[in-house]
Structure formats: C-alpha cells, structure tokens
Amino acid sequence: MSRGRPQRGEGDFYFVGLACFALIAVAFWLFGEVVGVRMLGLVMLGQGAYFVIHRRVPYGVEGKPPAGYLSGWAAVAVGVLGGLIGLALIAWPRAFLVAFG
C-alpha cells in the first residue's frame, strides 16, 4: 500500500462527496429545510449501504490519505448505524431540525 497516493477508486470519493454536498445545498435552498434534511438522510443511507456492501470504511484526517480502514464486522456496523441515522432523518426531519436547528 503506497502512502501519499490514493488507492484505486479513492479519488472518486472527492467528486461524489462534492456532488452530494451540492445536491443537499440545492435541496435546502430551493425546497426548504425539511426536504434538505431528507436529502441528507438519503445520502447517509446510500453511504451506509456502500460501506455494508464493500465492508471497508476509511478513517483518518480529511485531505490526507486514510490512516487505516475498518473492515469486516466493524465496517458493517458503521454502515448499518449510518443507514439507520439516514432513515431517521428521512422519517422525522422536523424532529432533527428542532434538536439541531
């Protein structure tokens, strides 16, 4: 594993993250807070599904190569937790807006 150079497919996460951020920002701006929170939940649900399918979660400092990876059952647990939070954001957006707004 080469430090400093992204592994195959890791550079794509930047563009996917940027696109998701743009979608969430546009949803908040054009359609309001409730739709924006639901869009955030949808993105979290997708990310959780990705982690469960690939069974690998990078961790470390943003903008630097990953310090390591969670894999196996730990990656599945993180993916399921993220997906559950995403489902909760989709189901109860106003509750999250009250709690964190």
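Since this is a predicted model, take the numbers as computed values, not measurements.
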Atom CG of L87 and atom CG of L45: how far apart are they, to the nearest 0.5 Å?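 CG of L45 is found 5.0 Å from CG of L87.
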Between the CD1 atom in I90 and the CD1 atom in I85, the distance rounded to the nearest 0.5 Å is 12.5 Å
Give a yes or no answer on whether the side chain of R55 reaches the backbone of A75 with a donor-acceptor pair at less than 3.5 Å. no
I'd like to know if [Y] and [X] are part of one continuous hydrophobic network [Ile/Leu/Val/Met/Phe/Trp/Tyr, side-chain heavy atoms within less than 4.5 Å].
X: F28; Y: V34; answer: yes
X: F21; Y: F31; answer: no
X: L84; Y: V52; answer: yes

So R56 and F51, do their side chains get closer than 4.5 Å, heavy atoms only?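 A side-chain contact under 4.5 Å is absent here.
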Note, V43 side chain near L23 side chain (heavy atom, < 4.5 Å):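 In short, these two side chains do not touch, never coming nearer than 4.5 Å.
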Considering non-hydrogen atoms only, spot the tightest contact between [X] and [Y] and give its length.
X: I24; Y: G36; result: CG2-O, 4.2 Å
X: R38; Y: L89; result: CG-O, 4.1 Å
X: Y59; Y: Y69; result: CE2-N, 3.4 Å

Listed by chain and number, what are the side-chain contact (heavy atoms from CB on, under 4.5 Å) partners of A27, not counting sequence neighbours? V35, M39
Parallel, tilted or perpendicular: rings of F96 and F100 (30°, 60°):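 F100 vs F96 ring planes: parallel.
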